[in-house]
There are 2 protein chains.
Amino acid sequence: MLARMSPHAQTPDGTRPGRARGRIGRPRADGSAHDGDPRDEITAAASRLFSERGVAGTTMSEIARRSGLRQSSVYYYFRDKEAILAGIVASANRVVLDHLDAVNAHGGTAAERLYRMIRFDARQMCRFPFDINEIYRLPALQEDRFAQFWAERTALTHAVAAMVADGVAEGNLVDTDPTLASLVLLSNDEGTQNWFRAVGEFGQGAGAYDADRVAVFVADLGVGALLRDRAALPRLRERAQTLDP
Amino acid sequence: MLARMSPHAQTPDGTRPGRARGRIGRPRADGSAHDGDPRDEITAAASRLFSERGVAGTTMSEIARRSGLRQSSVYYYFRDKEAILAGIVASANRVVLDHLDAVNAHGGTAAERLYRMIRFDARQMCRFPFDINEIYRLPALQEDRFAQFWAERTALTHAVAAMVADGVAEGNLVDTDPTLASLVLLSNDEGTQNWFRAVGEFGQGAGAYDADRVAVFVADLGVGALLRDRAALPRLRERAQTLDP
DNA sequence: GCCGGGTTTCTACACCATGTCGAAATAGGC
DNA sequence: GCCTATTTCGACATGGTGTAGAAACCCGGC
């Protein structure tokens, strides 16, 4: 005996209730109109606030206000604050995984593919509006809500580990533990977020350290450490810059 | 016109009010006795709880209960939750900075000193009961309370950057940006925390990845990337293991 | 035109955590 | 014994989270 239709989470058929046709339902208190799905408005507002003040520093009232709703109305669409976050975070690895597919489809030596991945990921992290490291700290991180995020994150780790193993087999990379290497390389990318924004203090000159330069540096360091012949590094760098502008 | 003696923060002369002589003051509701300074009991309890559930997941009531006090009594000693944290965190860089002094006093090539620092720091991070990355996310991080933490963190960055610059000048390290290198190396150490605890999933065999092994791997990768002649790595590794067992 | 069902939003509230206030309970000095 | 300083407590104001149930709207049937 269901109390009422609860549009939380995903609907089975993929269609979402909410703003399908005309604007039925009680009008908003502030009289604001809205064309799209309120879910998208909420997500967009939350996205901006999360990146400005962090997840913990953002209140549901604030999210609601920016979405033209009252605080409690947000709960009609999302069970709680973390549910909003989960929706945003689920797409965090999307871009990098798409790039992974492109890289593997394009082929090339394992070292070349690895360099492209690391550089791309580091640049992505520098540009990512959210704080990946804050997400790692959430209490409910183990729960199903973040299942997609974790599955994709693990897939990324395995893909990078496979590239390292390939490179070792090909003879271009030094003999090393692929699992450890992939963990260190990827966590290095993520760690970049911690200091990249504050790097202005250190950088000499205007825009001395931009995302591109930092990403190249991180990739040079990480892949360079694994390359058997480090003289190959400039070629990898150029190739990556050409293929992933 | 001060309302009353407020034992918050540090007292000018270094002595702390509180449990100096006999046990004066109102007795505790649960009748618990206490020998040392209540500040230490609170810090110890908070320390345990923070590492178990994170800072955000720990309530003042819980801290108070484990210290034998009521929730509001904790505020007699600490202005708020972050003040407790600040006291703990202030010592986070202590051990590493002490090690830095020892390394510099002992001397050796820049590469050797650098390797010792990175390995030691990484191991320290693996063993640190707290989550450095959670601390970075705190709203009040810019405030005076964490001034000591930041000052020491910056000192560490500068020291590592100086080692890199020395190594470049000596000709043992490849020509690179010392500032960027120090930022990446240290953030790599910190990033280790993010995956080290969960690494059991990946590790084959019992204790396959312990703090020591991970620290060596991270140092090998970071310093190895900078070494002009990577054949020197095994010697650095052995030397570090001898000097910093 | 009016009624009933479904949808969206609201108001009101219960709950919990934070941090403040003033008072209560002790010890020690005069 | 009284006064003062110290330590702890209980009560509370405030603000955020999430729930319950009603209100306001659209639409289709009669």
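Chain naming here is simple, since letters A, B, ... match the order of the sequence lines and numbering starts at 1 in each.
Computed from coordinates, the A:Glu82 CD to D:dG16 P distance equals 18 Å when rounded to whole Å. Per the geometry, NZ belonging to B:Lys81 stands 18 Å off P belonging to D:dG15, to the nearest Å. Spacing between atom CD1 of B:Ile84 and atom C1' of C:dT18 amounts to 12 Å, rounded to whole angstrom units. A:Arg28 has its CZ atom 13 Å from the P atom of C:dT11, to the nearest Å. Note: CG (B:Leu49) to C1' (C:dA17) measures 15 Å, nearest angstrom. Taking atom CG of A:Asp80 as the reference point, atom P of C:dC16 lies 17 Å away to the nearest angstrom. In this structure, CG of A:Asp37 is placed 12 Å from C1' of C:dT8, rounded to the nearest angstrom.
Distance CZ/B:Phe217 to CG/A:Leu180: 5.0 Å, rounded to 0.5 Å. For the atom pair CD of A:Gln71 and CD of A:Glu62, the computed distance is 12.0 Å after rounding to the nearest 0.5 Å.
The shortest side-chain heavy-atom distance between B:Gln124 and B:Thr192 does not fall under the 4.5 Å cut-off. No side-chain heavy atom of A:Met125 sits under 4.5 Å from any side-chain heavy atom of A:Phe196. Looking at heavy atoms from C-beta onward, B:Leu100 lies out of side-chain contact with B:Phe120 at the 4.5 angstrom threshold. A:Arg39 has its side chain out of reach of A:Ile42: every pair of non-hydrogen atoms, C-beta onward, lies at least 4.5 Å apart.
For B:Ser72 and D:dG10, a side-chain-to-base donor-acceptor distance below 3.5 Å is present, hydrogens and geometry of angles not being considered.
Of the residues near DNA chain C, B:Ser61 and A:Asp30, the one whose nearest nucleotide (by heavy atom distance) lies more toward the 5' end is A:Asp30.
For the OP1/OP2 pair of D:dA20 and a distance below 4.0 Å, the side-chain nitrogens and oxygens of A:Tyr75 include no atom meeting the criterion. Considering only side-chain N and O atoms, A:Tyr77 lies nowhere under 4.0 angstrom from the phosphate OP1 or OP2 of C:dT8. Side-chain nitrogen and oxygen atoms of B:Tyr76 include none within less than 4.0 Å of the OP1 or OP2 phosphate oxygen of D:dT8.
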Note to self: Between B:Tyr209 and A:Asp177, is the side-chain hydrogen bond (donor to acceptor under 3.5 Å, both in side chains) condition met? List the steps.
What the structure shows: CA-CA 11 Å; B:Tyr209 297 125; A:Asp177 183 326; 2.7 Å; yes
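End-to-end axis angle for the helix from C:dG1-D:dC30 to C:dC30-D:dG1, using five pairs per end and rounding to 10°, comes out at 40°.
Base engagement by B:Ser73 is indicated by at least one non-hydrogen atom pair under 4.0 Å involving a base atom.
Listed for the B:Thr154 side chain is a donor-acceptor partner under 3.5 Å among the backbone atoms of B:Trp150. The main-chain N or O of A:Asp212 is never found under 3.5 Å from a side-chain atom of A:Arg119 such that the two would form a donor-acceptor pair.
For residues 186-196 of chain A, every residue pair satisfying the salt bridge (Lys or Arg N to Asp or Glu O under 4.0 Å) rule, not counting sequence neighbours, is listed here: A:Arg153-A:Glu190.
The shortest heavy-atom contact between A:Ala83 and A:Arg145 is N-NH1, 3.6 Å. Contact between B:Val96 and B:Met117 at its shortest, heavy atoms only, is CG1-CE, 3.8 Å. Taking every heavy atom of both residues into account, B:Arg28 and B:Gly68 meet most closely at CD-O, 3.3 Å.
Of the listed nucleotides (C:dA17, D:dT8, C:dC10), C:dC10 has the atom at the smallest distance from the side chain of A:Ala29.
Listed by chain and number, the residues in a salt bridge (charged side-chain N to carboxylate O under 4.0 Å, His left out) with A:Asp98 are A:Arg94 (sequence neighbours excluded).
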For nucleotides 1-4 of chain C, print each protein N/O atom paired with a nucleotide N/O atom at under 3.5 Å, atom names and distance only.
none

Pairs: protein N or O with nucleotides 23-25 of chain D N or O, under 3.5 Å:
| residue | atom | partner | partner atom | Å |
| --- | --- | --- | --- | --- |
| D:dA23 | O4' | A:Arg26 | NH1 | 3.4 |
| D:dA23 | N3 | A:Arg26 | NH1 | 3.4 |
| D:dA24 | N3 | A:Arg26 | N | 3.2 |
| D:dC25 | O2 | A:Gly25 | N | 3.3 |

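Remark: B:Leu69, B:Arg70 in residues 62-71 of chain B come within less than 4.0 Å of DNA chain D through at least one heavy atom.
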